Amino acid sequence: MRVAVTGGCGFLGSHLCEALLRRGDAVVCLDDLSTGRPENLAHLRSYPGFEFVRADVSVAVEVSGAVDAVAHLASPASPPDYLRRPLQTLAAGSRGTENALGLARRDGARFLLASTSEIYGDPQVHPQDEEYWGHVNPVGPRSVYDEAKRYAEAVSLAHHRALGTDVGIVRIFNTYGPRMRPHDGRVVSSFISQALRGEALTVYGDGKQTRSFCYVSDLVRGLVAMLDSSQTGPVNLGNPEEWTVQELAELVLDITGSRAPIRYEPLPVDDPVRRRPVITRAMEHLGWRPEVTVADGVRRTVEWFSAT
Ligand code: NAD
Ligand code: UDP
């Protein structure tokens, strides 16, 4: 296969490019380097099937030569990133998705949309399965991300229904691992880099809010399974292991052996109280389930952060 990966220089995108190249696919990575880093792909440049195109997908998605699949991951993803870039985030989810769908339509290619658990907002149903419509504040600060992704799902399904595009939507729950930027502001990367520097771990609110954390190798296996399938979804991809933020801080302190204190800071506006995926659909339709426990995954991530 020849696969176009938008956002391929980012955390998840770079792991996806690597997984595809390793199995023999050709990859065209499109990225504007707004939150991604070229060094994430430096080790892949020797693959003959690898190409990089610097481009803002909100403006255009142009690839010469046919592709068999388009994986659309380009979007800021960390809350501080998308809160700093509200208009670009809306553009990536709307025009960026339309442009990426246009490429899939041109070539009759499979289209994979990287959607998000933020579709569920601050969920009033727990855990969340794909039938749940969500509870999103449409005018709050996080709406630039949540509503952009909701539109991205809607326009993808409209292409599927109206134009017959072969669409697959995955809703990704909090994923972590090597190649996260240490200062991207997400909780796992923040806690690990703070602990390794001996700085206070910043727990927002009382730390009782929960998230379910998936290790990147598991998640990428799920992305590839969805790409290879003919499922439309949406399909939740995440690790149902649910942790409070306080428990995660304690785990990171334990694994790093750091004596850094915990400092409590205000909870961001509209921060979801709890989140855990139901993954029955992924298990039944993709034969996918996560394998790496949070303790193991955090240990591997700490090793990577320590070595870089
Ligand atoms: P990331 O910020 O590391 O990667 C995003 C990539 O997209 C970066 O390389 C960035 O430069 C690129 N990009 C952003 N806007 C662009 C544009 N307009 N044109 C071209 N490139 C652009 O984030 P990530 O964690 O790797 O997330 C990748 C995708 O997965 C995103 O769509 C995100 O919404 C989704 N997702 C991630 C998670 C997670 O926990 N990591 C959870 C849910 C959904
Ligand atoms: N969080 C925290 N300290 C940080 C960063 C995040 O306590 O330094 C909290 C945040 O308020 C949220 C959870 O950790 O409740 C997950 O945050 P993240 O930004 O990683 O992901 P998202 O909110 O998008 O799920």
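In this chain, residues are counted from 1 in sequence order. What you are looking at is a predicted structure, and each value in this text was computed from that prediction instead of being measured. Atoms within a ligand are numbered from 1 in the order they appear, just like the ligands themselves.
The nearest protein atom to atom 28 (C) of ligand 1, hydrogens excluded, is given as L73 O, 3.6 Å; this is a heavy-atom distance. For atom 19 (N) of ligand 1, the nearest protein heavy atom (residue, atom name, distance) is V57 N, 2.9 Å. Looking at atom 43 (C) of ligand 1, its nearest protein heavy atom turns out to be I172 O, 3.0 Å. The nearest heavy-atom contact from the protein to atom 40 (O) of ligand 1 is T175 N, 2.8 Å. At the top of the distance list for atom 3 (O) of ligand 1, counting protein heavy atoms only, stands F11 N, 2.9 Å. If you check which protein heavy atom lies closest to atom 21 (O) of ligand 2, you get N174 ND2, 3.3 Å. When hydrogens are left out, the protein atom nearest atom 2 (O) of ligand 1 is T35 OG1, 2.7 Å; that is the closest non-hydrogen contact. Shortest contact from atom 3 (N) of ligand 2 to any protein heavy atom: T202 O, 2.5 Å.
Contact annotation for R186 and ligand 1: only side-chain heavy atoms (C-beta onward) come within less than 4.0 Å of the ligand. Residue contacts with ligand 2, taken as heavy atom pairs separated by less than 4.0 Å, do not involve L201 at all.
The number of heavy atoms from other shown groups lying within 6.0 Å of CZ (R259) does not exceed 12.
When the heavy-atom distances from atom 14 (C) of ligand 1 to A91, G10, A77, S34 are ranked, the shortest goes to S34. Here the shortest heavy-atom distance to atom 9 (C) of ligand 2, taken over R275, R263, Q209, belongs to Q209. Looking at L248, D271, V187, D81, it is D271 that brings a heavy atom closest to atom 10 (C) of ligand 2. Which of E265, R142, M180, Q194 comes nearest to atom 22 (P) of ligand 2 through a heavy atom is settled by distance: it is R142. Closest heavy-atom approach to atom 16 (C) of ligand 2 within the set R274, R211, Q246: this belongs to R211.
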Notebook entry, point to check: Between D228 and R23, is a salt bridge (Lys or Arg N to Asp or Glu O under 4.0 Å) present by the stated rule, with each step listed?
Noted result: CA-CA 12 Å; D228 288 346; R23 74 174 192 175; 2.7 Å; yes
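V136 approaches E147 most closely through the heavy-atom pair CG1-OE2, 3.7 Å.
Between D81 and R181 there is a salt bridge, since a side-chain N of the basic residue sits under 4.0 Å from a carboxylate O of the acidic one.
For ligand 2, the atoms closer than 4.0 angstrom to any heavy atom of V245 are 7 (O), 13 (C), 14 (O). Shown in contact with N174 at under 4.0 Å from a heavy atom are these atoms of ligand 1, numbered in order with element: 40 (O).
Inspection of the E241 and Y215 side chains reveals no N or O donor paired with an N or O acceptor under 3.5 Å.
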